[in-house]
Amino acid sequence: MAQHWLPLLSCITMDAAGPRVNRGNKRWLAIGVKFPNAERGRLAMYGYACIACQRIPGLVGPQADVSPPLAGMGERRYIAGVLSNNNDNRVRWLRDPTQVDPLTAMPDLEVTEQDARDITAYLETLTE
């Protein structure tokens, strides 16, 4: 079992700045980086008032139908009909929806990178 952790551990190094995660030629500072967390994402959706426009399983609020409900979002093929439904594209959509589709009704809410990753983790759990 310990052998399964060797590739993961080999990508973490220490230097004067602290622990770093090496990914290819890029080095990412590991301090302060939080892995995506679905529960933080669910709570962040309240902060961005997502429920004001959408029905979202697991969130309590108005039953708004400005846009399609998010039930089954984790299994859909596309986001907004234009992007393949994967984590990177969900983050892209959440952070700058008008860049993806200038005619979208979704406002640019200035979602942070961390919140977008957390919300993406929550959306991935929404299967029908």
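Every value quoted in this text rests on a predicted model; they were computed, and no experiment measured them.
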Hey, does Y122 have a side-chain heavy atom less than 4.5 Å from the side chain of I56?
-> yes

Are V91 and V100 connected in a single hydrophobic cluster, I mean Ile/Leu/Val/Met/Phe/Trp/Tyr linked by side-chain heavy atoms less than 4.5 Å apart?
-> no

Polar side-chain atom of R95 near backbone of V111 as donor-acceptor pair, under 3.5 Å = yes

State, to 0.1 Å, how close A52 and A64 come at their nearest heavy-atom pair, and which atoms those are.
-> O-CB, 3.1 Å

If you draw a 6.0 Å radius around CD in E110, do more than 12 non-hydrogen atoms from other residues or ligands fall strictly inside?
-> no

Nearest 0.5 Å please: distance from the CD atom of E124 over to the CG atom of N87.
-> 4.5 Å

For residues 45-61, which residue pairs qualify under side-chain hydrogen bond (donor to acceptor under 3.5 Å, both in side chains), counting only residues two or more places apart or in two chains?
-> Y48-D115, Q54-S67, R55-Q63, R55-D65

Taking T104 for the side chain and D101 for the main chain, is one N or O donor matched with an acceptor at less than 3.5 Å?
-> no

Determine whether N86 and N89 make a side-chain contact, defined as any pair of heavy atoms from C-beta on separated by less than 4.5 Å.
-> yes

Considering only distance and modelled atom types, tabulate donor-acceptor pairs under 3.5 Å from the side chains of residues 69-82, sequence neighbours left out.
from: E75; atom 1: OE1; to: E128; atom 2: N; distance (Å): 3.4
from: R76; atom 1: NH2; to: P69; atom 2: O; distance (Å): 2.4
from: R76; atom 1: NH2; to: A71; atom 2: O; distance (Å): 3.1

Please tell me if the side chains of L94 and M106 come closer than 4.5 Å, counting only heavy atoms from C-beta onward.
-> yes

Are W93 and V66 co-members of a hydrophobic cluster defined by side-chain heavy atoms under 4.5 Å apart?
-> no

Heavy atoms, side chains only, cut-off 4.5 Å: are P62 and I51 in contact?
-> yes

Side chains of L123 and M45: does their closest heavy-atom pair fall under 4.5 Å?
-> yes

CZ-CZ distance between R117 and R90, expressed to the nearest 0.5 angstrom | 11.0 Å

Determine the minimum heavy-atom distance between A38 and T125, stating which atoms define it.
-> CB-CG2, 4.1 Å

